[in-house]
Amino acid sequence: MIEKFMELRGIPLSHLVTYLTECGGEAKSESLPIQVVGDQWQAEVLREERVRITSRFHVNAVFIRITALERESFERLMAQFRLKVMRVGG
């Protein structure tokens, strides 16, 4: 089994759940921890918190645990998910 913990900043929790469902998962709950189950993989949105970057700049941080039964399933999910969470700098 493959397991990966991720911290994603600046993306609303609801968007991340939507991205996981667009990758083929189905949300099993609406409150934290939110479990999203796909074919051969599972993601748990564990928590959301505000992170202080500077004294005046704060962003949200969402913590997710992704598990997959096989490397192929994991790689396929991560390739799709990374495209959805990619942001352009500026």
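The figures that follow rest on heavy atoms only: side chains count, while hydrogens, waters and symmetry mates do not. Computed from a predicted structure; not experimentally measured.
- Hydrophobic cluster membership for Tyr19: Ile2, Met6, Leu8, Ile11, Leu13, Leu16, Val17, Leu20, Leu32, Ile34, Val36, Trp41, Val45, Val62, Ile64, Ile66, Phe74, Leu77, Met78, Phe81, Val85 (Ile, Leu, Val, Met, Phe, Trp, Tyr linked by side-chain heavy atoms under 4.5 Å, directly or transitively).
- Residue pairs satisfying the side-chain hydrogen bond (donor to acceptor under 3.5 Å, both in side chains) criterion with at least one member in residues 21-36, sequence neighbours excluded, are listed as follows: Glu22-Lys84, Gln35-Gln42.
- For Asp39, there are no side-chain hydrogen bond (donor to acceptor under 3.5 Å, both in side chains) partners two or more places apart in sequence or in a different chain.
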Which atom pairs, one a donor and one an acceptor, fall under 3.5 Å between side chains of residues 49-57 and the rest of the protein, sequence neighbours left out?
from: Glu49; atom 1: OE1; to: Arg47; atom 2: NE; distance (Å): 3.2
from: Thr54; atom 1: OG1; to: Arg56; atom 2: N; distance (Å): 3.3
from: Thr54; atom 1: OG1; to: Phe57; atom 2: N; distance (Å): 3.1

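- Every residue meeting the salt bridge (Lys or Arg N to Asp or Glu O under 4.0 Å) condition with Glu72, not counting sequence neighbours, appears here in chain and number order: Arg76.
- Taking the side chain to side chain contact (heavy atoms under 4.5 Å, CB included) definition, one finds that Glu75 meets it with Arg71, sequence neighbours left out.
- Residue pairs meeting the side-chain hydrogen bond (donor to acceptor under 3.5 Å, both in side chains) criterion with at least one partner in residues 1-17, sequence neighbours excluded, are Glu7-Arg9.
- Of all heavy-atom pairs spanning Gln40 and Ser73, the tightest one is CB-OG, 3.1 Å.
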